[in-house]
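Following: one structure in structure tokens, then a few remarks.
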Amino acid sequence: MNQMEMWFEFIKQNWLVFLIALIVLFVIVSFVKTMVKWALVVVIVAAVAVYSGITWDDVNNVVTTVTDEAVDKLKDQAVQAMMDEAKQADFTTNEDGTYTIKTSNLEMKGTPNSGKVNVSFRGVSLGEWDMNDSIRQFIQAAKQNK
């Protein structure tokens, strides 16, 4: 029995609890107009989660997995943007000896010979990356555009 079948079986056995919780949530969201509304919604959702056997570790694992997948996708898009936008990259040497490379979607900041660069993609920081061949090629292409 896989994970989805297990959930469907659990919902079949406890459909009345879920239905009551859904109706109560609908009533609260429809009629209560204060911050108390959201506190009640959180309490009801937490109670249903505890009743269903979901632990905080399960929630944490899901959040971590989704976050990691999103960051990986952003990194893939950033590398693709590096390749696509290398010819339009603007290389700037800063007064403190660092450099900045900007394209329409990407910003890269680094220190010469450091082996690491800070990368932002569409305004979202992707953190510090180790220097690799793709990044070196991007930097060289941006220097040639100068």
Item to complete: Applying side chain to side chain donor-acceptor pair (under 3.5 Å), name anything that partners Lys116, two or more places apart in sequence or on another chain.
Response: Asp130
Discussion item. Per the salt bridge (charged side-chain N to carboxylate O under 4.0 Å, His left out) rule, what does the pair list look like for residues 38-47, sequence neighbours excluded?
Written reply: none
Worksheet entry | CG-CE distance between Leu106 and Met83, expressed to the nearest 0.5 angstrom | 10.0 Å
Discussion item. Test of understanding: with salt bridge (Lys or Arg N to Asp or Glu O under 4.0 Å), list the residues that count as partners of Lys109, not counting sequence neighbours.
Written reply: Glu107
Worksheet item: Atom CD1 in Ile101, atom NZ in Lys143: separation rounded to 0.5 Å?
Response: 8.0 Å
Item to complete: List in chain and number order the residues that pass side chain to side chain donor-acceptor pair (under 3.5 Å) with Asn113, two or more places apart in sequence or in another chain; answer none if no residue qualifies.
Response: none
Worksheet item: Going from CD on Gln77 to CZ on Arg122, what distance comes out if it is rounded to the nearest 0.5 angstrom?
Response: 6.0 Å
Enumerate, atom names and distances included, each donor-acceptor pair closer than 3.5 Å involving a side-chain atom of residues 134-141, sequence neighbours excluded.
none

Fill in: For Ser125 against Ser120, the heavy-atom pair lying closest together
CA-OG, 3.8 Å
Worksheet item: Within a strict 4.5 Å, meaning less than it, do heavy atoms of the Thr92 and Lys102 side chains meet?
Response: no
Worksheet item: How far apart are the C-alpha atoms of Lys75 and Trp129, what are their side-chain angles, what is the distance that settles it, and do they pass the side-chain contact (heavy atoms from CB on, under 4.5 Å) test?
Response: CA-CA 10 Å; Lys75 284 184 178 182; Trp129 291 13; 3.5 Å; yes
Fill in: ring-ring contact (aromatic ring centres under 6.0 Å, His included) partners of Phe121, counting only residues at least two apart
none
Worksheet item: Can you list the residues that meet the side chain to side chain donor-acceptor pair (under 3.5 Å) rule with Asn94, with sequence neighbours excluded?
Response: Thr98, Thr100
Worksheet item: What residues, two or more places apart in sequence or in another chain, satisfy salt bridge (Lys or Arg N to Asp or Glu O under 4.0 Å) together with Glu85?
Response: none
Item to complete: Measure the CD-CZ distance between Gln144 and Phe91 for me, rounded to the nearest 0.5 Å.
Response: 11.5 Å
Discussion item. Taking salt bridge (charged side-chain N to carboxylate O under 4.0 Å, His left out) as the cut-off, I'd like each qualifying pair that reaches into residues 18-31, sequence neighbours left out, listed once.
Written reply: none
Fill in: Pairing residues for Asp76 by the salt bridge (Lys or Arg N to Asp or Glu O under 4.0 Å) criterion, not counting sequence neighbours
none
